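Here's the structure we're looking at; comments come further down.
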Amino acid sequence: MLKKHLALAVLVTLVWGVNFPITQLGLRSVDPFVLTGIRFALAALPLVFFIKRPAVKFSYVAAYGFIFGLGMWGVINYGIQIGVSPGIASLIIQLSVFFTMGWGFLLFKENIRKAQIVGALLARSGVAGIISTQEGNHAVLGVMLIVLSALAWSVGNVIIKKSGVKEIFSFMVWASLFPPIPLFLMAWWMHGSSPFEGLNAS
């Protein structure tokens with residue numbers, strides 16, 4: 001492995017890790033679905049006016065946007081708000097790897113090695129241990145929501161593979177157009193206008 005590749009891997013890990021505590025800071029004053037909606041709106045605009053649409057069926061772009069935006073990030077942010085620590089959330093979301101492995105076996109006939117099966121079982125045991133240490137219904141619910149978001153992420157991975165997209169950056173920019181409105185509607189459905197009034201106040 002080249003030094004620059006190692007440096008990039010460390011940088012990605014750092015950005016991923018910092019992402020969760022910063023999210024928790026934002027959740028102190030902003031509704032989780034509103035915060036996620038703003039995040040994706042900023043990811044799409046204004047880049048969508050300058051980045052060419054990816055050369056895949058637009059249904060894949062829309063489906064990924066909904067799954068990744070609402071199903072993954074909206075749910076994980078809600079889970080953090082109701083009691084899951086950012087550190088635990090960043091670990092549990094990695095279950096998407098094992099869900100993706102299962103989808104690969106079921107949908108793409110990929111082989112699963114014994115080591116992968118052992119790893120999946122160990123991960124499942126670890127999540128069970130985390131859930132057992134959580135105190136209060138809200139904390140347990142939060143962990144289950146993070147597991148659900150991991151499942152959503154794995155479905156998003158399947159969509160990307162099925163689409164055959166090569167222009168990943170363009171794909172992400174255009175997919176980010178779709179989550180904001182459903183996320184804002186979810187916030188409105190759950191809490192009425194208060195999340196938006198609080199946003200104005202902040």
Side-chain angles (χ1 to χ4, degrees), residues 4-5 7-81 86 89-90 93 96 100 103 145 148-202:
K4 66 177 182 179
H5 294 160
L8 287 172
V10 172
L11 178 61
V12 169
T13 303
L14 177 63
V15 172
W16 177 258
V18 171
N19 173 63
F20 286 87
I22 290 178
T23 296
Q24 188 179 44
L25 289 176
L27 292 172
R28 292 180 180 178
S29 57
V30 184
D31 177 88
F33 296 108
V34 173
L35 183 65
T36 311
I38 293 172
R39 173 180 184 160
F40 279 94
L42 293 176
L45 302 172
L47 286 176
V48 73
F49 296 113
F50 304 100
I51 303 296
K52 185 179 179 181
R53 210 180 87 180
V56 295
K57 291 182 180 179
F58 208 56
S59 58
Y60 286 126
V61 180
Y64 184 81
F66 285 121
I67 291 291
F68 190 66
L70 182 60
M72 182 200 165
W73 281 112
V75 171
I76 196 173
N77 286 349
Y78 184 57
I80 291 173
Q81 189 196 50
S90 68
I93 192 64
S96 64
T100 301
W103 292 126
L145 287 171
L148 177 61
S149 70
L151 177 60
W153 192 3
S154 72
V155 173
N157 292 337
V158 171
I159 292 172
I160 288 179
K161 182 161 185 175
K162 290 281 289 185
S163 72
V165 65
K166 298 296 188 294
E167 314 96 323
I168 291 296
F169 182 72
S170 172
F171 187 87
M172 291 301 300
V173 169
W174 280 84
S176 295
L177 280 174
F178 293 91
I181 291 179
L183 286 162
F184 294 150
L185 288 174
M186 179 65 73
W188 182 278
W189 177 69
M190 294 182 69
H191 304 292
S193 61
S194 59
F196 304 94
E197 294 168 359
L199 183 63
N200 292 332
S202 61

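Not measured: the values here are computed from a predicted model. For reference, positions follow the sequence shown, starting with 1.
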More than 12 foreign heavy atoms under 6.0 Å from CG of Leu8: is that the case here?
yes
Requested in this report: State, yes or no, whether a side-chain contact exists between Leu42 and Ile38 at a heavy-atom distance under 4.5 Å.
Outcome: yes
The single option from Thr36, Ile181, Leu185, Leu183 that satisfies side-chain contact (heavy atoms from CB on, under 4.5 Å) with Leu70 is Leu183
Sequence neighbours excluded, the answer for ring pair (Phe, Tyr, Trp, His ring centres under 6.0 Å) partners of Tyr60 is none
The side-chain contact (heavy atoms from CB on, under 4.5 Å) partners of Ala43 (sequence neighbours excluded) come to Ser176
Sorted by chain and number, sequence neighbours left out, ring pair (Phe, Tyr, Trp, His ring centres under 6.0 Å) with Tyr64 holds for Phe68, Phe171
side-chain contact (heavy atoms from CB on, under 4.5 Å) filter on Pro32, not counting sequence neighbours, yields Leu27, Asn77, Tyr78, Gln81
### Message
Students often mix this up, so state it plainly: with edges at 30° and 60°, are the rings of Phe184 and Phe196 parallel, tilted or perpendicular?
### Response
perpendicular
- May I ask you to decide if Phe50's main-chain N or O and Lys52's side chain share a donor-acceptor pair within less than 3.5 Å? no
* To do: May I ask you to test the Phe20-Ile76 pair for a side-chain heavy-atom distance under 4.5 Å?
  => yes
request  = Compare all side-chain heavy atoms of Pro179 with those of Phe66 and state whether any distance is below 4.5 angstrom.
outcome  = no
### Message
Does any part of the side chain of Ile51, heavy atoms only, come nearer than 4.5 Å to the side chain of Glu167, both counted from C-beta?
### Response
no
Exercise for review: Begin with the C-alpha distance, continue with both residues' side-chain angles, and end with the deciding distance and a verdict on side chain to side chain contact (heavy atoms under 4.5 Å, CB included) for Val48 and Leu45.
Suggested key: CA-CA 6 Å; Val48 73; Leu45 302 172; 3.6 Å; yes
Ring pair (Phe, Tyr, Trp, His ring centres under 6.0 Å) filter on Phe58, not counting sequence neighbours, yields Phe178
Using distance only, find each side-chain donor-acceptor pair of residues 148-161 under 3.5 Å and give its atom names and separation, not counting sequence neighbours.
from, atom 1, to, atom 2, distance (Å)
Ser149, OG, Ile146, O, 2.6
Ser154, OG, Trp103, NE1, 2.9
Ser154, OG, Leu151, O, 2.6
Asn157, ND2, Thr100, OG1, 3.0
Lys161, NZ, Glu110, OE2, 2.4

The reported gap from OG in Ser163 to CD1 in Ile168 (rounded to nearest 0.5 angstrom) is 7.0 Å
The reported gap from CG in Asn19 to OG in Ser90 (rounded to nearest 0.5 angstrom) is 9.5 Å
